[in-house]
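Reading through the structure tokens given below for one structure.
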4 protein chains.
Amino acid sequence: MDEKNFNEYNQEEMTEKQIRILEAAIKVFSEKGFEGSRTSEIAKEAEVAEGTIFKYFRTKKDLLLSLLFPLSIKFLKPFVMKSAEEIIERGKDKPPDEVLRELLMDRLKLIKKNIPLIKTVAIESFYHDELLEPIKDKIAPQVINILDNYVDAHKDNGDFKDYDTRLISRSLMSMLMGYIVLSSILPEYFSLYDDEEEIKKIVDILLNGIKR
Amino acid sequence: MDEKNFNEYNQEEMTEKQIRILEAAIKVFSEKGFEGSRTSEIAKEAEVAEGTIFKYFRTKKDLLLSLLFPLSIKFLKPFVMKSAEEIIERGKDKPPDEVLRELLMDRLKLIKKNIPLIKTVAIESFYHDELLEPIKDKIAPQVINILDNYVDAHKDNGDFKDYDTRLISRSLMSMLMGYIVLSSILPEYFSLYDDEEEIKKIVDILLNGIKR
Amino acid sequence: MDEKNFNEYNQEEMTEKQIRILEAAIKVFSEKGFEGSRTSEIAKEAEVAEGTIFKYFRTKKDLLLSLLFPLSIKFLKPFVMKSAEEIIERGKDKPPDEVLRELLMDRLKLIKKNIPLIKTVAIESFYHDELLEPIKDKIAPQVINILDNYVDAHKDNGDFKDYDTRLISRSLMSMLMGYIVLSSILPEYFSLYDDEEEIKKIVDILLNGIKR
Amino acid sequence: MDEKNFNEYNQEEMTEKQIRILEAAIKVFSEKGFEGSRTSEIAKEAEVAEGTIFKYFRTKKDLLLSLLFPLSIKFLKPFVMKSAEEIIERGKDKPPDEVLRELLMDRLKLIKKNIPLIKTVAIESFYHDELLEPIKDKIAPQVINILDNYVDAHKDNGDFKDYDTRLISRSLMSMLMGYIVLSSILPEYFSLYDDEEEIKKIVDILLNGIKR
DNA sequence: TATGAATGAGTCTTCATTCAT
DNA sequence: CATGAATGAAGACTCATTCAT
């Protein structure tokens with residue numbers, strides 16, 4: 001990274017070895033944290049020599065910042081593709097709860113497939129501004145924009161109440177994140193049903209509230 | 001810590017210097033992460049010699065584990081004191097939305113006052129089982145128990161629907177956590193109103209949902 | 001060392017750098033003692049970076065324990081090779097005093113060439129059981145066995161009196177060690193003649209005693 | 001010590017606490033070596049506060065050098081008192097082997113009672129010239145002088161052969177030291193009989209040799 | 001006089017990074 | 001390109017020594 005911003009990586013010029021290193025880094029970083037990880041362990045995990053890492057990534061920090069690339073590839077791309085339009089399009093002939101369930105279920109699966117990557121980027125962004133900035137500037141806007149569009153569409157067609165759009169978007173994210181985080185850290189307390197059932201109840205509460 | 005479990009620390013046998021070190025550790029750990037923090041910096045922050053840290057805390061890791069003590073003191077004690085009974089008691093002559101607002105507002109203030117401590121313990125518990133265990137065994141049960149009691153009381157008197165108690169508790173936590181985390185990381189997107197107003201809307205959504 | 005016992009080192013798999021470190025360690029340890037030595041000084045003496053030491057020897061203690069290898073190589077191997085048989089063989093056509101002189105002279109030269117190594121291992125074995133054990137189990141038995149064989153042969157052919165074999169072996173060692181130690185620490189008192197002459201007199205006393 | 005030479009200590013101006021510290025130091029030094037010993041452990045052993053040690057001995061090194069005082073008190077004084085004259089006096093009406101046995105037995109007991117002190121001073125004198133010098137200049141001459149006198153007396157009256165006096169003295173020391181050191185380090189090999197019997201055989205060999 | 005809390009210089013050891021092969 | 005031996009700066013931790021009480 002460094003001078004190049006992470007978009008420049010979008011060219012699929014990554015060698016197989018480079019990808020292996022990046023994936024090893026995701027694994028090790030997510031298990032030990034960035035500072036707690038050793039380049040030697042990443043090298044072993046990637047089955048390359050330690051020196052090879054530094055052929056592709058100038059520093060260990062570079063390796064961390066480069067995680068933004070797989071993050072946007074794996075996470076953002078499908079997010080964007082299955083975009084608001086599509087969801088709303090299909091939503092026209094379905095009740096809003098069903099659409100919302102589909103949407104959250106889809107995101108849940110996507111997140112669960114990429115927990116180590118997301119966990120690492122999320123946590124390390126607290127400590128490294130160089131990581132936080134691109135998230136703020138590139139990734140968050142896209143995610144938020146899609147959610148906002150979805151919410152706006154439902155507000156427009158009268159499905160949702162007239163809350164601030166962003167408040168509703170945040171509520172969706174909160175409920176999904178809360179489920180993922182709490183049920184994974186404290187499964188004995190918070191892992192109640194299977195994902196399908198959980199999402200159903202979450203959507204129910206989100207739409208109708210808990211008050212009788 | 002060592003052999004004693006953290007409850008044994010409840011005796012206020014801490015010297016002023018020990019407290020200063022612990023507070024410096026909270027500050028530095030929360031800014032740099034545990035592994036990224038230097039004992040030299042903690043010493044400077046606490047205005048003690050580096051060696052003094054190790055008089056009180058045998059290792060740097062010990063210092064981390066000792067954060068469980070202020071966590072339970074600062075965070076759990078008032079949580080327990082303003083207990084379910086009190087809340088429900090006062091709740092009898094008030095509408096449930098007002099009670100819930102008070103409850104969340106109170107927790108929000110408490111959390112916001114202790115962000116660095118909570119952030120550190122939360123994040124580092126991913127990487128240090130010795131930290132996770134006491135949280136799972138001692139702290140989480142107490143917090144969850146109080147919430148559950150509150151929710152059960154409202155279910156019993158017909159205020160809340162008949163969802164699984166734990167699901168409702170989790171929803172309360174999710175919405176509060178989601179607000180705190182998202183509005184602090186991405187304030188330009190998610191810091192919408194002042195805390196008072198935010199809590200009001202969060203409670204409104206929780207109770208009544210977003211569906212028109 | 002670690003799990004492997006020191007015999008496994010017998011493969012000459014040592015790099016030149018490893019040997020240089022070991023020799024530097026012998027020098028510095030013998031001058032300052034193990035605890036009084038600094039790894040930084042050993043590194044300088046070996047002309048390697050301090051970190052390099054720890055590539056080959058996991059800890060400073062490991063470096064000490066590894067001295068057993070050169071000790072058995074340099075000291076035991078020739079001891080064993082010029083073995084009892086050879087000495088006795090040659091002894092057949094020579095008077096016993098001449099043979100004993102040759103034997104002690106030979107050992108004296110060997111010891112004097114390796115004073116720093118022997119001194120270090122001897123002294124540090126007081127303080128480190130991991131060092132003492134292999135000496136007791138591997139090295140001492142071999143040395144003693146050779147001496148015993150030599151003594152027994154002379155007892156058998158009537159040269160020596162019928163003392164306990166081990167008593168005679170010990171007397172040989174005592175007289176040699178006593179000479180080496182006393183004449184090196186207090187040369188002004190105990191360095192009387194040259195080695196050749198000293199050994200001659202020592203053998204004379206050992207064989208015939210001091211009583212007129 | 002430092003400026004004062006160790007004779008100045010001869011004034012029995014030592015407090016009970018000072019003595020306790022010195023004895024604790026002997027114990028700990030002999031078990032761990034000087035550099036391997038901690039002043040904290042010596043303080044605990046002496047049942048005084050750590051700071052108290054430094055009231056009496058300016059530095060840890062001072063504590064080591066001060067061992068010369070008990071060494072000369074405990075070891076030299078009786079050596080000198082039961083002096084050559086006395087031994088020779090009594091020796092007049094006894095055969096020389098009996099006298100030698102008594103002499104060595106007496107020294108053996110004295111040494112065995114003070115092993116930790118002697119071991120420490122002996123070993124540390126390799127590494128600290130400040131310790132070696134007084135030994136060379138004050139202690140060794142006295143011990144050697146007594147031995148020499150004893151040997152000379154026996155040479156004069158025709159008991160001993162006409163070897164160099166110092167050579168005979170050294171042989172006595174070597175045989176005694178060799179027995180003590182070897183039978184304590186490798187008792188399974190070299191601890192053959194009880195002290196009385198050992199000394200008898202040692203004297204026998206010294207006087208008459210091993211040759212038939 | 002005796003204490004022991006506090007100090008900080010000094011130690012071993014780790015680990016990201018370099019570079020000759 | 002890839003390697004991995006070598007580096008040395010930096011870190012956690014120790015411990016002799018000081019000093020206020």
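Just so you know, these numbers come straight off a predicted model, no measurement behind them. Values below: every heavy atom of this structure, side chains too, minus hydrogens, waters and symmetry copies. Quick note on labels: first sequence line is chain A, next is B, and so on, each numbered from 1.
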### Query
Which nucleotide, E:dC12, F:dA12, F:dT18, lies nearest any side-chain atom of C:Glu50?
E:dC12
### Query
Does any nucleotide pair with E:dT11 by Watson-Crick or G-U wobble geometry, both distances under 3.5 Å, and what is it?
F:dA12
### Query
B:Thr39 and B:Ile53: which non-hydrogen atoms are nearest, and at how many Å?
O-CD1, 3.4 Å
### Distance in angstrom units between D:Phe57 CZ and E:dT1 P, rounded
14 Å
### Query
Is any side-chain N or O of C:Arg38 closer than 4.0 Å to OP1 or OP2 of E:dC12?
yes
## Note on the structure
Which of E:dT17, F:dT3, F:dT17 is nearest the side chain of D:Thr39? It is F:dT17
### side-chain N/O C:Tyr56 vs F:dA5 OP1/OP2, d < 4.0 Å
no
### Query
Starting at CG of B:Leu63 and ending at P of F:dG11, how long is that distance when rounded to a whole Å?
16 Å
### Query
Heavy atoms, side chains only, cut-off 4.5 Å: are A:Leu22 and A:Pro70 in contact?
yes
#### Entry: Gap between atom OG of D:Ser125 and atom CG of D:Leu67 - 0.5 Å precision
11.5 Å
### Query
Is B:Thr15 touching bases, backbone alone, or none of the nucleic acid, heavy atoms closer than 4.0 Å?
nothing
### Message
Would you say that more than 12 heavy atoms from the other residues, nucleotides or ligands in this model lie under 6.0 Å from the NZ of B:Lys136, or not?
### Response
yes
### Task
Check the distance between E:dC15's P and A:Lys32's NZ and give it to me in whole angstrom.
10 Å
### Query
Expressed in angstrom and rounded to an integer, what is the separation of B:Ile21 atom CD1 from F:dC13 atom C1'?
14 Å
### F:dC15 OP1/OP2 closer than 4.0 Å to side-chain N/O of D:Ser40
no
### Query
Once you round it to whole Å, what is the distance between C1' of E:dG10 and CD of D:Glu35?
12 Å
### Query
Which one is paired to F:dT21, where only Watson-Crick or G-U wobble pairs with both distances under 3.5 angstrom count?
E:dA2
### Message
Classify B:Lys17 by what it touches in the nucleic acid, base, sugar-phosphate, or nothing, heavy-atom distance under 4.0 Å.
### Response
sugar-phosphate
### Message
Output the rounded distance in Å from NZ (B:Lys44) to P (F:dA10).
### Response
14 Å
#### Entry: Below 4.0 Å: OP1/OP2 of E:dT13 and any side-chain N or O of C:Arg58
no
### Task
Would you indicate, yes or no, if E:dT1 has its OP1 or OP2 atom less than 4.0 angstrom from a side-chain nitrogen or oxygen of D:Lys55?
no
## Note on the structure
Which of E:dA16, F:dC13, F:dT3 is nearest the side chain of A:Ala49? It is F:dT3
### Query
Do any side-chain nitrogens or oxygens of C:Thr52 fall under 4.0 Å of OP1 or OP2 in F:dT7?
yes
### Interatomic distance, C:Glu47 CD vs F:dA6 P [rounded to whole Å]
14 Å
### Query
E:dG8 C1' sits how many Å from B:Glu41 CD, rounded?
18 Å
### Query
If you look at every strand shown and take non-hydrogen atoms under 4.0 Å, does C:Ser37 touch a base, only sugar-phosphate, or nothing?
sugar-phosphate
#### Entry: Nucleotide nearest C:Val48 when distance is taken to its side chain, options F:dT7, E:dT13, E:dT3
F:dT7
### Task
Under the salt bridge (charged side-chain N to carboxylate O under 4.0 Å, His left out) rule, what do B:Glu45 and B:Arg20 come out as? Steps first, then yes or no, please.
CA-CA 9 Å; B:Glu45 182 73 35; B:Arg20 244 164 50 212; over 6 Å; no
### Query
With a distance cut-off below 6.0 Å to the six-membered ring centre and an angular limit of 45° from the axis, does A:Lys32 pair with B:Tyr127 as a cation-pi contact?
no
